[in-house]
Amino acid sequence: MAGEITCGSLLQKLQFIWDEVGESDEDRDKVLYQLDQECLDVYKRKVDQATNSRDLLIQALDDSKIELARLLSALGEKAIARTPEKTSGTIKQQLAAIAPTLEKLNKQKNERVREFVNVQSQIDQICGEIAGTTEVGEKVATPQVNEDDLTLEKLEEFRSQLQELEKEKSNRLEKVLDYVNMIHDLCTVLGMDFLSTVTEVHPSLDDSIGDNCKSISNDTLSKLDKTVATLNEDKKSRLSKLQELAGQLYDLWDLMDAPMQERSMFDHVTCNRSASVDEVTAPGALALDLIEQAEVEVQRLDQLKYSKMKEIAFKKQTELEDIYAGAHIVIDTAAAHEKILALIEAGNIEPSELIADMDSQISKAKEEALSRKEILDKVERWMSACEEESWLEDYNRDDNRYNSSRGAHLNLKRAEKARILVNKIPALVETLVAKTRAWEESRGLSFMYDGVPLLAMLDEYVMLRQEREEDKKRMREQKRYVEQQLNTDHEGPFGSRVSPNRPASAKKVPGAKSNGSANGTPPSRRLSVSGHQNGSHTARSGGKDGKREAAKTASPGNVAAAAAKEDASSHISGTDPVPSTP
């Protein structure tokens, strides 16, 4: 091509110049050799540059392949369709084939890293809140993500961990709220400031702060648990103290017969006297000022008790005497009153000690009365049966008992019942004797009934009952004899019997009622009371004829006196009564 400069045209131009100049062949050969060397150097440089460029491309290709493998491994994208490696193509073609896949995986990697950062940040946030190193709502530092493991399995593992932590956070929050509610209820009952109590545990527990912003740390839960335990212990101790004060108030009120109006002023104190800890829920029911109010009232009544000690002591003594009287035990009431009066006036004993001693005596008296109750009940039955027996005796001696007078049918019914009851007396006495002996053997004491040994009374009753039966038998024989004599005197001249003007049974037989009152009737309830007052028993009157000598001979008082004087060997019981007061 005309005008185109090439190596040949330049070499020709150089030959032309040499020819004009007249350069020698030797100089020409040197210049040509130098030109060949310079061209060779240029080629070498170009080859080296091309080689370096090729090596860089190969390294880039290798790096791309390594990055591709690393991303696939980190993301776990085994199913991604790889671009086929073009081993027959140029290096640039192979790089161009890998580049889109790398770009796609890098974008996916960056998105996955953001997901990991988000999940791990929430995990760190909740862990910090639980451990107490992070306050609720406080931002945590961006977590370090392991870019070598960005698989969905790892991400799902973090998400599962986050779900567990969120569940635990929810449970902890619920527990915190439960604790807060318990503290509120306890503070209400105890009359304490709820806000200061709960914020002392953690400031975020204030009601003005939302539930999602409350502290759920281990330390907060531990403090809440200790606070609830402390408040429960305070509640228990205060309730115990209040119940103790309520009991003292009741005791003092009962001692001094306090009116209901005065007692009602402390209903808010005594209403929980027998309540359990869980049952006390009223606001201020265990407040300190309420307990102090009760303590002041107990102190006031305690001081007042000193001025009323004599009245209280004699009231206790009366209660004691009533117990002994109900148990038919004779005590020296005058001596007891004198002793109490002397102790109070001398001031040698504290009022509380005196009352406690008398309460102890009352307790022992109740135990003694309880031990005697079964026997006393049977004694009452025995006395009642004997009263019916006495009435039946009087009824049987009444010649007009079958007349159609007013109330005759009622007496007839009573007589039928009385006969059944009287037939049970021997078995009742036998049982009573056995139980009395057992009682005496177990205690080594004689069972006294209104100051008289019960066994002696029973033994004498049995003897009198036997004598009465013998008297009845003798009277029946005497009656038959009299009737035979009457029949003999009234026989006619032909040996026939003439009826008397009135039946022989209507005649009064001498001594027919001589033992009418000697039926062994034991001391009645009226006689028991008089035994306390006079120390002796009054005899029950006998039949209608008023033969007092016979009645006096067989009266229960004489029975008891004779039993106390006779030797035990002469009685059926076979025991020696000991004159002692139970």
Side-chain angles (χ1 to χ4, degrees), residues 378-398 415 418-434 436-437 447 449-450 452-483 505 508-524 526-528 531 536-577:
K378 292 188 179 299
V379 169
E380 290 293 319
R381 289 176 54 196
W382 171 49
M383 289 183 174
S384 178
C386 288
E387 289 176 359
E388 288 299 299
E389 184 182 27
S390 176
W391 178 87
L392 187 61
E393 290 277 338
D394 295 341
Y395 177 77
N396 289 334
R397 285 194 294 269
D398 186 3
R419 289 188 186 96
I420 296 173
L421 191 59
V422 168
N423 290 333
K424 295 180 180 179
I425 290 179
L428 180 60
V429 171
E430 184 179 351
T431 303
L432 193 53
V433 168
T436 304
R437 284 177 178 170
F447 192 101
Y449 187 91
D450 291 338
V452 180
L454 180 58
L455 283 178
M457 295 169 59
L458 293 169
D459 293 344
E460 190 67 16
Y461 171 77
V462 172
M463 292 176 64
L464 291 175
R465 188 179 178 88
Q466 290 175 351
E467 291 176 2
R468 187 176 60 126
E469 294 298 328
E470 292 174 359
D471 288 343
K472 283 184 178 182
K473 183 178 180 182
R474 186 167 58 253
M475 293 301 295
R476 284 195 297 269
E477 291 175 355
Q478 185 178 0
K479 184 177 180 181
R480 282 197 300 270
Y481 174 75
V482 171
E483 288 177 351
S505 61
K508 290 187 178 179
V509 181
K513 295 183 181 180
S514 62
N515 211 25
S517 63
N519 53 9
T521 302
S524 65
R526 176 178 57 80
L527 296 176
S528 299
S536 63
H537 300 280
T538 303
R540 175 183 294 273
S541 177
K544 294 180 182 179
D545 57 354
K547 293 186 178 180
R548 300 184 180 275
E549 291 300 324
K552 184 176 180 181
T553 303
S555 65
N558 292 332
V559 168
K565 293 179 180 179
E566 289 180 1
D567 185 78
S569 61
S570 64
H571 299 307
I572 297 175
S573 65
T575 60
D576 185 14

Quick one, Ile425 and Arg465 - any side-chain contact, counting heavy atoms below 4.5 Å? yes
With rounding to the nearest 0.5 Å, note down the distance linking NZ in Lys378 to CZ in Arg381. 5.0 Å
Mind checking the CE-CG spacing from Met457 to Asp450? Nearest 0.5 Å is all I need. 7.5 Å
Just how far is it from atom CG of Leu432 to atom CG of Leu455, taken to the nearest 0.5 Å? 8.0 Å
Between CG of Leu458 and CZ of Phe447, what distance do you get to the nearest 0.5 Å? 10.0 Å
Euclidean distance, Thr431 OG1 relative to Lys424 NZ, rounded to 0.5 Å: 12.0 Å
Applying salt bridge (Lys or Arg N to Asp or Glu O under 4.0 Å), name anything that partners Lys472, two or more places apart in sequence or on another chain. Glu393
Taking only residues two or more places apart in sequence or in another chain, which ones pass salt bridge (Lys or Arg N to Asp or Glu O under 4.0 Å) with Arg474? Asp471
What pairs with Leu392 under side chain to side chain contact (heavy atoms under 4.5 Å, CB included), at least two apart in sequence or on another chain? Tyr395, Asn396, Ala415, Ala418, Arg419, Val422
